[in-house]
2 protein chains.
Amino acid sequence: MNELSRYERQIKQAGLRLTAPRRIILRILEQSGDHPDAAEIFQRAAKMDARISLATVYRTMKVLEETGAVERHAFQGGPARFEQADREHHDHLIDIETGAVVEFTSPRIEELQRAIAEELGYEIVDHRLELYGRKMT
Amino acid sequence: MNELSRYERQIKQAGLRLTAPRRIILRILEQSGDHPDAAEIFQRAAKMDARISLATVYRTMKVLEETGAVERHAFQGGPARFEQADREHHDHLIDIETGAVVEFTSPRIEELQRAIAEELGYEIVDHRLELYGRKMT
DNA sequence: GTAGGTGCAAAATCTTTGCATGGTA
DNA sequence: TACCATGCAAAGATTTTGCACCTAC
């Protein structure tokens, strides 16, 4: 048992068991370029192993979030959507007409955030920046 | 019937009826310095008129949001929380230990957001910036 | 073998909606 | 009076949980 992916190692290092459902869900997250919600992850997982349950998807997402392997987003009130967290940090611009998600980064905004929090007496633990926009023609 | 508040006028100008439940909910929002969710608004409203239903609170919040009288926030996955929208725009820093919400503004961040969206070919319709922090000692 | 994980179904939480009734303009 | 709004209860949508069985370590 040597061919462990980055994620699989992350699971084991957290003292968690590497089960079949977890392997499948991790593979789906690796292959997903989008930001699927629990139901979508469940559907994709069911194609690989029909025995997986939605409850396991939810439990796995919670565990993966706690180990830092995935990020949970709650865009505008729908179901939570997930993405892997190994890449560089980025924020999101959501196309209000198509629902498409464009990723971007801004070190300057990050720095301003840190400075603002510091001024208010806080240390930033997490943050969320989402832009909702319409494509210009 | 002349003593209409800013909000009450906003309701009428939108062609909506100024009913007792709406008056009460509007008064609660005016008096609230915090960011209550629908259940909290309902509880506060019940003290003024026990006949008000939670369904009406939800329906009223939707209407008020559409008329631009209130803003809806979906902080980290809990119930939606509301605040009046007549004040100057601001963002939120949420204390992860107490749940307290600190408001702040940053014109420089706003401008950077606009520039980023423009670069990506988008016009910003709305945005959300939330910092989650821990109080420094 | 044992603690932790899973599947299933029930429940919890948050929000919306159908329908008969009531109140505003 | 004509609609819009309300209350109630039921249904929807999303997420969590109790419990018996299973399986990775």
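Since the model is a prediction, treat every value here as computed from it, not as a measurement. Throughout, a chain's letter reflects where its sequence line sits, starting with A, and its residues are numbered from 1.
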*Looking only at side-chain N and O atoms, does B:Y58 come under 4.0 Å of OP1 or OP2 in C:dT16?*
no
*Can you find a side chain N or O atom of B:K12 that sits less than 4.0 Å from OP1 or OP2 on C:dA25?*
yes
Roughly how many Å is it from [atom1] in [X] to [atom2] in [N], rounded to a whole number?
X     : N      : atom1 : atom2 : answer
B:R9  : C:dA25 : CZ    : P     : 15 Å
A:E40 : D:dT14 : CD    : C1'   : 13 Å
B:M61 : C:dC14 : CE    : P     : 16 Å
B:R72 : C:dT15 : CZ    : P     : 7 Å
B:E65 : C:dT15 : CD    : C1'   : 13 Å
B:D49 : C:dG23 : CG    : P     : 11 Å
A:I24 : D:dA24 : CD1   : P     : 12 Å
B:I11 : C:dG23 : CD1   : P     : 19 Å

_Using the side-chain contact (heavy atoms from CB on, under 4.5 Å) criterion, which residues pair with B:T105? Sequence neighbours excluded._
B:H90
*asked:* Taking salt bridge (Lys or Arg N to Asp or Glu O under 4.0 Å) as the cut-off, I'd like each qualifying pair that reaches into residues 62-77 of chain B, sequence neighbours left out, listed once.
replied: B:E65-B:R72
_Expected output: side-chain A:R134 to main-chain B:V125 donor-acceptor under 3.5 Å_ = no
_Rounded (10°) bend between the five-pair end axes of the helix from C:dG1-D:dC25 to C:dA25-D:dT1_ = 40°
Using side-chain heavy atoms (C-beta onward) and a distance below 4.5 Å, is [X] in contact with [Y]?
X     : Y     : result
A:M48 : A:I28 : yes
A:S32 : A:E40 : no
B:L26 : B:Q10 : no

_Under the ring-ring contact (aromatic ring centres under 6.0 Å, His included) test, residues paired with B:H73 that sit two or more places apart_ = B:F75, B:H92
*First locate atom CD1 of A:I25, then atom CZ of A:R27, and finally report the distance between them rounded to the nearest 0.5 Å.*
11.5 Å
Below 3.5 Å between N/O atoms, which protein atoms pair up with nucleotides 5-7 of chain C? Just atom names and distances, please.
unit_1 : atom_1 : unit_2 : atom_2 : d
C:dG5  : OP1    : A:R22  : NH1    : 3.0
C:dG5  : OP1    : A:R22  : NH2    : 3.2
C:dT6  : OP1    : A:T19  : OG1    : 2.7
C:dG7  : OP1    : A:R51  : O      : 2.8
C:dG7  : OP1    : A:I52  : N      : 3.4
C:dG7  : OP2    : A:S53  : N      : 3.2
C:dG7  : OP2    : A:S53  : OG     : 3.2
C:dG7  : OP2    : A:T56  : OG1    : 2.4
C:dG7  : O5'    : A:R51  : O      : 3.4
C:dG7  : N7     : A:R59  : NH2    : 2.7
C:dG7  : O6     : A:R59  : NH2    : 3.3

*Residues sharing A:I124's hydrophobic cluster, by side-chain heavy-atom contacts under 4.5 Å among ILVMFWY, directly or via others?*
A:L93, A:V102, A:F104, A:I109, A:L112, A:I116, A:L120, A:Y122, A:L129, A:L131, B:L93, B:V102, B:F104, B:I109, B:L112, B:I116, B:L120, B:Y122, B:I124, B:L129, B:L131
*Which is true for A:A80 with a 4.0 Å heavy-atom rule: it touches a base, it touches only sugar-phosphate, or it touches nothing?*
sugar-phosphate
